[in-house]
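Because the structure is predicted, anything quoted here is derived from the model rather than measured. In what follows, every chain begins at residue 1, and chains take the letters A, B, ... in the order their sequences are listed.
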Protein chains: 2
Amino acid sequence: MASRDDRSTRDRLLDAFEQQLVEGGSRSATLDAVAAAAGVSKGGLLYHFHSKDELVEGMLERLHEQADADVEKMRTAPAGPVDFYLETSVDSGSPFDRALIAATRVAQENDPRAAAAMARVRDAWFAVLAEHLGDEALARTIQLIGDGLYFDDSTGLRDPDALAHVRKVLGRLDVL
Amino acid sequence: MASRDDRSTRDRLLDAFEQQLVEGGSRSATLDAVAAAAGVSKGGLLYHFHSKDELVEGMLERLHEQADADVEKMRTAPAGPVDFYLETSVDSGSPFDRALIAATRVAQENDPRAAAAMARVRDAWFAVLAEHLGDEALARTIQLIGDGLYFDDSTGLRDPDALAHVRKVLGRLDVL
DNA sequence: CCAACTGTACCGTCTGGACGGTACAGTAAC
DNA sequence: GTTACTGTACCGTCCAGACGGTACAGTTGG
């Protein structure tokens, strides 16, 4: 009945993997580095994940869970889905955001599973935005703005006023 | 006096380097792969660039030249800078776009030179947008949309209607 | 109740291959 | 004879993955 206790090390390894991907890119996300960052030996890592591929698989699996929860929160957000979506696009400190950026790094290495995972998450977001706004063009545009906020964050160039600017413009469109 | 003639192979190497970075990520952009893609031996590559670092340096140098030319074209575009900016954010087949995506890949590996290059290009674009629109909030928002288009392209998820959607929304703001 | 055994969660070491880089001899064109 | 390469032979390091071993908590049979 210790099946709930192995979550700790397993998740710590996944966290470390994501951290390496986000902070140093896929090149620095080696098994050694991941194991060290998780405070586990390389052998210990390979006990939980038999290959680097399984590490990716595990990360993507967890991403899906987080994504489902995020979409649900977006749907029921008090300030509305648009505000929630934009807000969470900037706040790149959250575990979910880190998982997403990590997934894009893997997708860039031509991993079809990661690309599919990203597509699935994006489609879910778009569905909520489009339903709420009743306007595909506007929904897609807002999604692009969110992508832009993501992109800026993940390349290290953060403009603290960006979100305020976006709010101002969307206000003119009676969206916020 | 052959300094204009080595452009051929030198540029072909830089092209190949960028191609590897864009299509396979930084992990697959090895010296062997770059040399092979350029139809040059590894020794030939190292004749032109004494290290991988010099390859990055050369790429960034060329990026700056391309960026200056792009900003000039943007400034004098017949349809206006906004339209030009958005248009070129989607068309990821152009050499300049490829160079930019390649630079982001390098920047993700914590290369400060690449990050600085990206920042410089982005600042130049923003200056033109802000000057043309006379509205910082709108300029920043449009820049974010462009970033979003870039991001989508570079992660392989392309929505063919994205640009049309954006145009429609910007039309409501009397921008296009 | 205790010995034998099983499964889980690791650690430390090793190997084979890839990668960055060096060195250098040879070649072909201008 | 300089420029622009090719090709081969290396070296040291890094990396993914395999492997053998350890500690220990449970379980099962007698």
Atom NZ of Lys52(B) and atom P of dG20(C) are separated, to the nearest Å, by 4 Å
*Using only heavy-atom distances, decide whether a donor-acceptor pair under 3.5 angstrom links the side-chain of Lys42(B) to the base of dG21(C).*
yes
Judged by nearest nucleotide, the residue sitting upstream toward the 5' end of DNA chain C, Ser41(A) or Tyr47(A), is Tyr47(A)
Salt bridge or not between Arg120(A) and Asp68(A)? Use side-chain N to carboxylate O under 4.0 Å. yes
Asp53(B) CG to dG21(C) P, in whole Å, measures 8 Å
Separation of dC15(D) atom C1' from Phe49(A) atom CZ, nearest Å, is 19 Å
- Item | Carboxylate-amine/guanidinium contact Glu18(B) Arg62(B), below 4.0 Å | yes
* To do: Identify whether the distance between the nearest side-chain nitrogen and carboxylate oxygen of Arg140(B) and Asp147(B) falls below 4.0 Å.
  => no
NZ/NE/NH1/NH2 to OD/OE distance under 4.0 Å, Glu87(A) and Arg167(A): yes
In whole angstroms, the gap separating C1' of dA18(D) from CD of Glu54(A) amounts to 14 Å
Taken to the nearest 0.5 Å, the spacing of Leu170(B) CG from Leu138(B) CG works out to 7.0 Å
So does Ser51(B) get a side-chain nitrogen or oxygen closer than 4.0 Å to the phosphate oxygens (OP1/OP2) of dG20(C)? no
task: Check whether any side-chain N or O of His48(A) sits under 4.0 Å from OP1 or OP2 of dA9(C), and answer yes or no.
output: no
In numerical order, the residues of residues 14-38 of chain A whose heavy atoms come under 4.0 Å of DNA chain C are Arg27(A)
Asp11(B) CG to dC5(D) P, in whole Å, measures 12 Å
Item checked: Sugar-phosphate, base or nothing in reach of Leu46(B), heavy atoms under 4.0 Å -> base
CD of Gln108(A) to CG of Leu21(A), rounded to nearest 0.5 Å, is 10.0 Å
By nearest-heavy-atom nucleotide on DNA chain D, the more 5' of Gly44(B) and Gly43(A) is Gly44(B)
Open item on the list: Are Arg75(B) and Phe84(B) packed together at the side-chain level, in the sense that at least one heavy-atom pair is separated by less than 4.5 angstrom?
Closed with: no
